[in-house]
Amino acid sequence: METPMSEHAFDPAAYEGRWQAYWETHKTFRSVADPGKPKFYALGMFPYPSGSGLHVGHPESYTALDIVARYKRMNGFAVLHPMGWDAFGLPAERYAVKTGVHPAKTTAENIARFKHQLKRLGFSYDWDREISTADVTYYRWTQWIFLKLYEQGLAYLADVPVNWCPAQGTVLANEEVEDGKYRETGDPVERRMMRQWMLKITAYADRLLDDLDQVDWPESIKDMQRNWIGRSLGAEVHFGIAGSDARFTVYTTRPDTLFGATYCVLAPEHPLVDAVTTADQRAAVDAYVEVAKNKSDLDRQKGGDKDKTGVFTGGYAINPVNGAKVPIWVADYVLISYGTGAIMAVPAHDERDHAFATRFGIPIVQVVSSPEGHDVQAEAWTGGGLSMNSGPYDGLDTETCKQRITAALEADGTGQAKVNYKLRDWLFSRQRYWGEPFPVVHLEDGTVQPLSPDDLPVALPHVDAFRPTDDGRPPLGRAADWVQTTWQGQPALRELNTMPQWAGSCWYYLRYMDPENTSLPVDPEVERYWGPVDLYIGGVEHAVLHLLYARFWHKVLYDVGLVHTVEPFTKLFNQGMILAYAYRDAAGNYHAPDACEQRAGKTVTFQPAWQTEPVTTDWFVKASGEPVHVRIGKMGKSLANSVDPLDIVDRYGADALRTYEMFMGPLEQVKPWQTSGCEGVYRFLGRVWRLFVDGDTGAVKPFGATSREVRKALHAAIKETTEGIEALKFNTPVSKMMELVNACGGELPSRADAETFLLILSPYAPHLAEELWARIGHDHTLADERWPAWDPAALIDDTVTIAVQVMGKVRGTIEVARDADAATVLAAAKAEPNVARHLEGTTIRKEIVVPGRLVNFVVG
RNA sequence: GGGGGCGUGGCGGAACGGUAGACGCGGCGGAUUCAAAAUCCGCUUCCGAGAGGAGUGCGAGUUCGAGUCUCGCCGCCCCUACCA
C-alpha cells in the first residue's frame, strides 16, 4: 500500500531530529553574557507541567519568542531565552490524594514529557538554564526572598476569613470556589477565620499603579491592573450615633453629596451593628445578619439593584455637616471588606442607594444639579454639577465642593481626605503539601521566628499520604519528625502551611539569569547585564495576579538592592487563544476533527435533537456519512476538538507546525486551528525543499541568475520579515516568503540570494533552513549568520500601474513610467478607453494625481 | 453596570486615507500518471449570458477618495463587577 518515497523527497522527519541533536551537542544556543554585545531577554511564561502534556496553545507564544530570539542572535545580540517549570501546584497533589503517587514523582515524569515535547519543536532554548520551582535548589531562594519580605515588615500572620472546605479538610483559593462549592468535587465551602500568612502588597499599591506608566504593555492589561488596584480618592467621614458617644466612619468618593445623605448603611458584619440596634428592631436585624452570614459573596451580589435587601436597625446617625438625624440600616450590599464597611447613602446621586431608597421608601434629596429633564426621584444622577440644598456650599461645582467639604471635615475633626484601594493584602498560605515550606518556626510561647538565611533550605519532607491529618491539620502535619524541631536550643514547631503556586513564578525570570548561584537568588552583577526581561509573552489569564505579584516582589527586591530596575518586564505581549472547530451530530455527540470532512456541494439540512432550529451543513462524519453541525470553541474534551501538537509534528514536522502557528493570523488574536491550513504551510516548505533539492538525485540544483522579479520578491520578503519580527507581526512575513518561492518558479536564484532566503526563513523553519544551508555546502550552523538587509531600490519598478478613477470609482488602469510627471500621467489616464467613456460629455472640475498610485477625475 | 477588543469572500486572514480580498485553505478546470497519491499550471467576492453593476455588520458625516477617520445604532468575544 505504502508507496516507497524517493529518498530525496521532502521528509522533515529525516532531518529535524538530526538538527535538534546538532544544536544540543554544539550548545548552539547557550546564552553568554558578553559586555561587548547588547543583550536581549526573551521570555515565555513557563508552563505548569500538567499530566495532559503540551497542547497546541503552548507552541504559539513559544514559537513567536523563538523567532524573535533567533532573529536577535543574528542581529548581534547576546540572547537569553530560557525555559523551565512552574512545578509546584494543585493537580499533582490532587492526583496524589487519589492515587497515592507522590507529587514529586508525577511532576518529574510530567516535566520529562514536556521537555521531550518541547525539544521536538526545535526551540532555541539554553537548556543549561532550565529551572524547576519545585527543585530545592530553586525554592531555597524563594524562601530566602520570603525572609526578605519578612525583614521588610511585608509578611505577617493574621486571622482572615478563608474558603474552608470541610470535606477536603483544606482551604481553597477563590478561583477554586464556585457557587459556594468546590469546583472539582462539588463539596460545600464555608467561610472560616484562620491564622494565615499575608503579604503586604497594599504597601506597594501606589508604586504598582504609577509604574505602569513606564512599561510597554497592552493598554488593556494596564487597565486591568489599574482596576484591580482600584485607587480612589475620597474622604472618610465620621458619623455620630444619636444617643451615644460612639461613632462610625464611612468612606465616600463624593463628599460633595454629604448633604444628600438620607440614611446610612452598615455591612452585616460591621462591629457596631449590635450597638445601634434598638430593642424593637433586634429580632429582625439578628435574623437578617444571620442569613447574610451564611450567604456566599456570590449570592449576596446576585440580586443586583432589583432586589436589594436590608433592615432598619432603629438607630440614627448624626450627619456631621448639618446635624441631621438619618436612619441606620444594615444591608448586605455594603461589603465589610471594602472601605470602612459602612456607607452614607445618597440616593439622589448613587444608583445602588437609589434602588434601595426607592424600595424602602427612604427620601431622595437632590444636592447636585442634574441636566435638564433628569429627575433624581426617578433615577440617580451620578455625574457632576453645581451643589444645591447644601447650605454654604450651594453653587459650587463638584470638584470644588469636594475639596471645600473635605477641608471643613478636617478642620473640625469629623473626617479627612483618604485614598482607598480595592487591592487587598495577599493571602499567602495554603494548607497544602506540594508547595514551598515557610522558613519560620513557632515557639512554645506562641511567637513566630524567621529562620536565618543560613538555615535554608527548609526542604519539603517526604510524606506518604497527602490528605489533611485526622485532626484537621495540613498534610505537612504528617511529617512528625520534621515538624518537631529546635530553634536556638528551644523546642519549636515548623509551619504546616506552604506557599501558594504564585510564589515560585514571582521571580523565576531572575533565576534564569544565574541558575547555578549558590549564595544568592541571582548575582546583582549578572542581573545588571541580563535584566530586565525585554519581551515577555503569555496568556491574558495572567494579566492581573501573576503579573501583579511578580511586579510586587520585583519592587521589594529592588528596594533591597538585588535588582537594578523597578519593573521586571519591559514589554509584555499577550497571545490570543487558539480555538478549534467542533463537529456535532444530530444526536448531540461530538466527533473528532479528523473523523469529519467537508463535502462541497453536498449541503444537507437536518434536525438536531439539541436545538429547535434545523441545521444546514456540508460537513459529514467520514465513516458513517452522518451530517454534523460545525461550531467553534475552546479546545477540550467536552467538544472533542483537541489537537495534539505532536501529532502535527509527526505528520508535517516541527517547521510546518511552527510556521503555521504564525501564519494563522496576528499573534494577539483569537483564531481557530485548521489542520488543512497547516497542510498548506507544509506544502510551502516542500516547495522550498524542491527548489533546492533535485527529487531524483538528491543533488542541490544549480544556482541561476536572479531575475528582476525574484530579486524584488526577495527584498520584499526581507523587509517584511525584518519589520514583522520587530513589530511582533509574524503572519505576513510567511506570505511574502511564499510569494518569493512562487516567483522563483522552481528555479534557484543566485547562490547569494538563495542563502539570503534561507537566513530569513530560518527563524520560522529552522530545521529546513539548516538542512538546506548544510546541503549547499556550509559546515556550520546558520544561527550565527548575519541577518540580511534589504535594498529599497530592488523594491521599485520602472513602470507602475496606476488606477484611474472618475468620481472615486475605478474605471481603468494605466501603465506609466515610475517617474512620469503629472501631465504625462493625466494624458495617459484620459486616453484609457473606459475612462474616456466615463469622461465623455462631462466637465472635469478637478484632477487629483497621487504619484505612482492613482488618478481621480472629479467631474460635474 | 463598568473596562477592553472585534465585525472584510465558502473558511483563516491581507490591505501608508488611494485598484478591497495579498498569502493560504477549500472548490473548479487542466498537465503528469495505466490509475491514483504526490507534484505542477490556470480560474475562483457576489449578481449578471454579457456589457455592466453591487460590495468590508447597519445608518449618517468628513474627504476628490473611507474597510481605514468622526458620530449614532446592531451583533459577537474577553475581562471585571453592589468598590461606596
Side-chain angles (χ1 to χ4, degrees), chain A residues 2-3 5-6 9-10 218-224 226-228 230 232 234 250-254 257 265 297 300-305 308 331-335 337-346 349-353 355-356 420-423 540-541 543-544 574 576-577 579 581 598 600-601 603 618 630 632 660 663-666 668-681 683-684 686-687 690 695 731-739 742 745-746 801-813 834 845-848 850 852-859:
Chain A
E2 288 271 311
T3 322
M5 235 186 324
S6 153
F10 175 54
E219 206 49 44
S220 60
I221 301 296
K222 291 192 192 183
D223 272 341
M224 284 164 77
R226 290 189 186 110
N227 291 338
W228 192 264
S232 64
V250 305
Y251 174 74
T252 178
T253 54
R254 292 295 299 273
T257 61
V265 184
D297 280 5
R300 279 171 66 162
Q301 294 168 17
K302 238 178 214 159
D305 274 353
K308 287 206 185 316
D332 65 8
Y333 81 90
V334 172
L335 307 176
S337 56
Y338 183 75
T340 58
I343 62 160
M344 65 173 204
V346 185
H349 305 291
D350 181 280
E351 282 165 17
R352 293 154 300 173
D353 298 344
F356 191 85
N420 203 32
Y421 302 91
K422 288 201 288 190
L423 184 68
V540 72
E541 65 272 20
V544 178
N574 296 116
M577 206 187 328
L579 305 177
Y581 288 98
Q598 190 173 25
T603 306
D618 56 355
V630 183
I632 199 160
Y660 172 60
F663 184 59
M664 287 172 83
E668 69 276 15
Q669 225 165 74
V670 173
K671 40 205 178 288
W673 175 273
Q674 296 186 108
T675 301
S676 58
C678 186
E679 190 153 344
V681 170
R683 279 180 215 157
F684 158 66
R687 275 201 294 281
R690 287 184 295 276
N731 50 334
T732 47
V734 181
S735 300
K736 291 292 181 198
M737 288 190 275
M738 288 172 167
E739 285 180 61
N742 291 345
T801 308
I802 286 185
V804 184
Q805 300 181 334
V806 179
M807 294 302 282
K809 288 201 180 299
V810 178
R811 297 301 180 185
T813 58
N834 197 42
R845 297 196 181 280
K846 200 168 174 185
E847 296 169 334
I848 291 142
V850 182
R853 283 240 161 237
L854 63 57
V855 173
N856 189 14
F857 294 109
V858 182
V859 300

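We name chains A, B, ... by the order of the sequence lines, and we start the count at 1 in each one.
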Side-chain donor/acceptor of A:Tyr660 to backbone N/O of A:Gln674, under 3.5 Å: yes
Between A:Asn856 (side chain) and A:Gly808 (backbone), is there a donor-acceptor pair under 3.5 Å? yes
Give me the atom names and distance for the closest heavy-atom approach of [X] to [Y].
X	Y	result
A:Thr257	A:Met344	OG1-CE, 3.6 Å
A:Tyr581	A:Val630	CD2-CG1, 3.6 Å
A:Gly576	A:Lys671	O-NZ, 4.2 Å
A:Asn834	A:Arg811	ND2-O, 2.7 Å
A:Asn574	A:Pro218	OD1-CG, 3.7 Å
A:Gly339	A:Tyr251	CA-CB, 4.3 Å

Send over the distance from [X] [atom1] to [N] [atom2], rounded to a whole Å.
X	N	atom1	atom2	answer
A:Lys422	B:C82	NZ	P	8 Å
A:Leu423	B:U80	CG	C1'	15 Å
A:Met737	B:G24	CE	C1'	14 Å
A:Asp223	B:U80	CG	P	14 Å
A:Met344	B:A84	CE	P	12 Å
A:Leu335	B:A81	CG	P	11 Å
A:Trp228	B:U80	CH2	C1'	8 Å
A:Ile221	B:C78	CD1	P	15 Å

What nucleic acid atoms does [X] come within less than 4.0 Å of, heavy atoms only: base, sugar-phosphate, or nothing?
X	result
A:Asn742	sugar-phosphate
A:Asn834	sugar-phosphate
A:Arg690	sugar-phosphate
A:Arg845	nothing
A:Ser735	base
A:Thr253	sugar-phosphate
A:Thr801	base

Please tell me if A:Arg687 has a side-chain N or O lying less than 4.0 Å from either OP1 or OP2 of B:A38. no
Is any side-chain nitrogen or oxygen of A:Arg683 closer than 4.0 Å to OP1 or OP2 of B:A38? no
[M] and [N], which share atom name [atom1], separated by this distance in whole Å:
N	M	atom1	answer
B:G27	B:G21	P	23 Å
B:G52	B:C69	P	33 Å
B:G26	B:C79	C1'	35 Å
B:C73	B:G65	C1'	25 Å
B:A22	B:U8	P	16 Å
B:G57	B:U68	P	8 Å
B:G67	B:A81	P	40 Å
B:G75	B:C83	C1'	30 Å

Under a 4.5 Å cut-off applied to non-hydrogen side-chain atoms, are [X] and [Y] in contact?
X	Y	answer
A:Phe663	A:Cys678	no
A:Phe10	A:Arg687	no
A:Val859	A:Arg845	no

I want to confirm an ordering. Mapping A:Val810 and A:Val734 to their closest nucleotides on RNA chain B, which one lands closer to the 5' end? A:Val810
What's the closest nucleotide to the side chain of A:Tyr338 if the choices are B:A84, B:U19, B:C25? B:A84
Is the base of B:G42 syn or anti, where syn means the angle lies within 90° of 0? anti
With A:Asp353, which residues qualify under side-chain contact (heavy atoms from CB on, under 4.5 Å), at least two apart? A:Tyr263, A:Tyr333, A:Ile343, A:Ala345, A:Pro347, A:Asp350
Can you tabulate the close N/O pairs, meaning under 3.5 Å, that link protein atoms to atoms of nucleotides 63-70 of chain B?
from  : atom 1 : to       : atom 2 : distance (Å)
B:C64 : O2'    : A:Asn856 : ND2    : 3.2
B:C64 : O2     : A:Asn856 : ND2    : 2.7

Only counting residues at least two apart or in another chain, list the ones meeting side-chain hydrogen bond (donor to acceptor under 3.5 Å, both in side chains) with A:Gln669. none
Contacts of A:Lys736 that satisfy side-chain hydrogen bond (donor to acceptor under 3.5 Å, both in side chains) - sequence neighbours left out: none
Look for any protein N or O under 3.5 Å of an N or O in nucleotides 6-14 of chain B and output each such pair with its distance, or none.
from  : atom 1 : to       : atom 2 : distance (Å)
B:C11 : O2'    : A:Gln674 : OE1    : 3.0
B:G12 : O4'    : A:Gln674 : NE2    : 3.0
B:G12 : O2'    : A:Met664 : O      : 2.9
B:A14 : OP1    : A:Asn731 : ND2    : 2.7

Convert the base pairs of RNA chain B into dot-bracket notation, remembering that pairs crossing earlier ones are written with [ ] and that bases paired across to another strand are shown as |; include only Watson-Crick or G-U pairs under 3.5 Å. (((((((..(((.....[....)))((((((.......))))))(((....)))..(((((..]....))))))))))))....
